[in-house]
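What follows is one structure encoded as structure tokens, with my remarks underneath.
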Amino acid sequence: MSEPLVIVTNHGAVRVLTLNRPAQLNAFTAALHAELLPAFEAAAADPSVRAVVLTGAGRGFCAGQDLNDAGMAAAAGEQRDVGAVIERLYKPLALRIRSMPVPVIAAVNGVAAGAGASIAMACDIVLAARGASFIQAFSKIGLIPDAGGTWLLPRLVGRQAAIALAMTGDKLSADDARAMGIVWQVFDDALFMDSALALASRLAAMPSKALAETRRAIDLAIGMDYADAISMEAQLQRQLGLGHDFVEGAAAFLAKRAPVFTDR
Ligand code: T3D
């Protein structure tokens with residue numbers, strides 16, 4: 001039997017999805033997409049999963065689109081139509097990540113290039129091993145940032161830095177990526193996965209529904225004016241206020257005990 005292209009493991013309530021094409025730095029093929037999206041769907045549907053970590057096997061996180069993958073064009077239905085690949089494979093993946101009912105952490109263990117960097121940035125929190133790097137590799141092969149990169153990058157680093165990174169395709173170290181706002185925290189390589197799992201476990205014990213709605217509210221607010229954002233917050237807060245987790249959180253605080261959150 002061949003190795004899975006996505007290794008799925010559980011660490012308590014944390015589901016870890018490991019891209020598993022280490023010899024190609026976990027570059028995306030149609031076959032990898034065909035395992036990764038269902039793996040996210042399965043995590044979304046499983047009530048025992050309260051946080052997801054996306055990482056890579058070996059020395060890379062993900063080198064973006066596999067430039068050798070003949071199956072990719074076939075899966076897109078049209079030869080050489082890169083746009084179709086984005087629409088049919090990367091867009092559903094990115095949207096699934098951005099609408100997960102639980103927090104998603106990108107544990108960037110090594111190089112994240114091209115669409116690999118975009119998918120990392122689509123996650124809620126990006127952690128990086130000190131030896132990891134980020135490369136907007138697209139310009140070097142005559143493309144623009146995709147898989148959400150044009151939307152995500154300027155929101156994280158600002159317009160000028162986004163354009164400079166995308167035009168030059170220069171490699172950004174983990175520490176520089178943190179300074180620019182792409183990465184939340186950097187950990188020494190030897191401690192990296194344990195540190196990522198520790199944060200994921202902490203988030204898994206928190207009120208999942210409120211965390212997912214926090215992501216949604218912030219994404220919605222970006223396109224709104226101040227007054228509309230406050231009204232949107234009121235609407236979401238009304239729903240959360242009627243949920244179990246708010247009652248439990250407040251009761252646990254007043255009783256000076258640890259809360260047990262279950263909403264999802
Ligand atoms: O249809 C579409 O095209 C959709 C478009 C999607 C958007 C994109 O993602 S476009 C961007 C695609 N990605 C790239 O252009 C990155 C290409 N890779 C690199 O520039 C370098 O590999 C890295 C900077 C990421 C890492 O460099 P380094 O020196 O650490 O490793 P390496 O030796 O270059 O790579 C190791 C192996 O992985 C090597 O294979 P080999 O020679 O040992 O058999 C290399 O060919 C392979 N590899 C790395 N990236 C890719 C890849 N093979 C296929 N596709 C890759 N993207």
Side-chain angles (χ1 to χ4, degrees), residues 2-3 5-7 17-37 40 54-98 106-123 126 128-154 156 162-177 180 182-183 189 192:
S2 57
E3 284 252 312
L5 298 174
V6 178
I7 299 171
L17 306 180
T18 304
L19 307 176
N20 189 33
R21 302 188 68 235
Q24 296 80 24
L25 305 177
N26 306 312
F28 278 110
T29 57
L32 174 52
H33 276 285
E35 290 188 28
L36 187 56
L37 182 57
F40 272 105
L54 177 65
T55 192
R59 72 178 177 91
F61 173 74
C62 175
Q65 171 62 30
D66 187 311
L67 300 173
N68 278 320
D69 187 30
M72 188 62 72
E78 294 176 57
Q79 226 177 2
R80 310 303 305 158
D81 185 344
V82 178
V85 174
I86 304 303
E87 283 287 351
R88 294 181 203 191
L89 297 174
Y90 287 98
K91 186 175 178 183
L93 174 64
L95 295 183
R96 177 68 276 189
I97 291 172
R98 297 287 281 199
V108 180
N109 53 300
V111 65
S118 300
I119 292 300
M121 292 189 293
C123 297
V126 183
R130 185 146 278 114
S133 56
F134 295 78
I135 308 176
Q136 295 296 315
F138 310 92
S139 60
K140 295 180 178 171
I141 56 168
L143 294 178
I144 61 164
D146 62 22
T150 59
W151 194 92
L152 292 162
L153 197 59
L156 292 172
I163 289 176
L165 288 171
M167 283 188 175
T168 62
D170 283 349
K171 183 194 278 195
L172 206 55
S173 70
D175 284 320
D176 286 346
M180 295 182 80
I182 293 173
V183 165
D189 293 14
F192 181 58

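Whatever order the structure lists them in is the order used to number ligands and atoms, beginning at 1.
The backbone of Ala23, and not its side chain, has at least one atom closer than 4.0 Å to an atom of ligand 1 (non-hydrogen atoms only; backbone = N, CA, C, O). Only side-chain heavy atoms of Val85 come within less than 4.0 Å of ligand 1; its backbone N, CA, C and O stay farther off. For Phe138, every heavy-atom contact with ligand 1 shorter than 4.0 Å involves the side chain, none the backbone. For Asp69, no heavy-atom contact with ligand 1 is shorter than 4.0 Å.
For the residue pair Cys62 and Ala27, the shortest heavy atom distance occurs at SG-CA, 4.4 Å.
Between the choices Ala63, Ala113, Gly83, Gly114, the shortest heavy-atom distance to atom 13 (N) of ligand 1 belongs to Ala63. Between atom 57 (N) of ligand 1 and the options Lys171, Gln65, Arg21, the minimum heavy-atom separation is to Gln65.
For the pair Asn68 and ligand 1, the shortest N or O to N or O distance does not fall below 3.5 Å.
Annotation for ligand 1: atoms under 4.0 Å from non-hydrogen atoms of Ile135 are 24 (C). Close contacts between ligand 1 and Ala137 involve ligand atoms 14 (C), 15 (O), 16 (C) [criterion: under 4.0 Å to a heavy atom].
Considering only heavy atoms from C-beta on, Leu93 comes within 4.5 Å of Phe40 through its side chain.
Between His33 and Phe28, the ring planes are parallel. Angles under 30° get that label, and only those over 60° would be called perpendicular.
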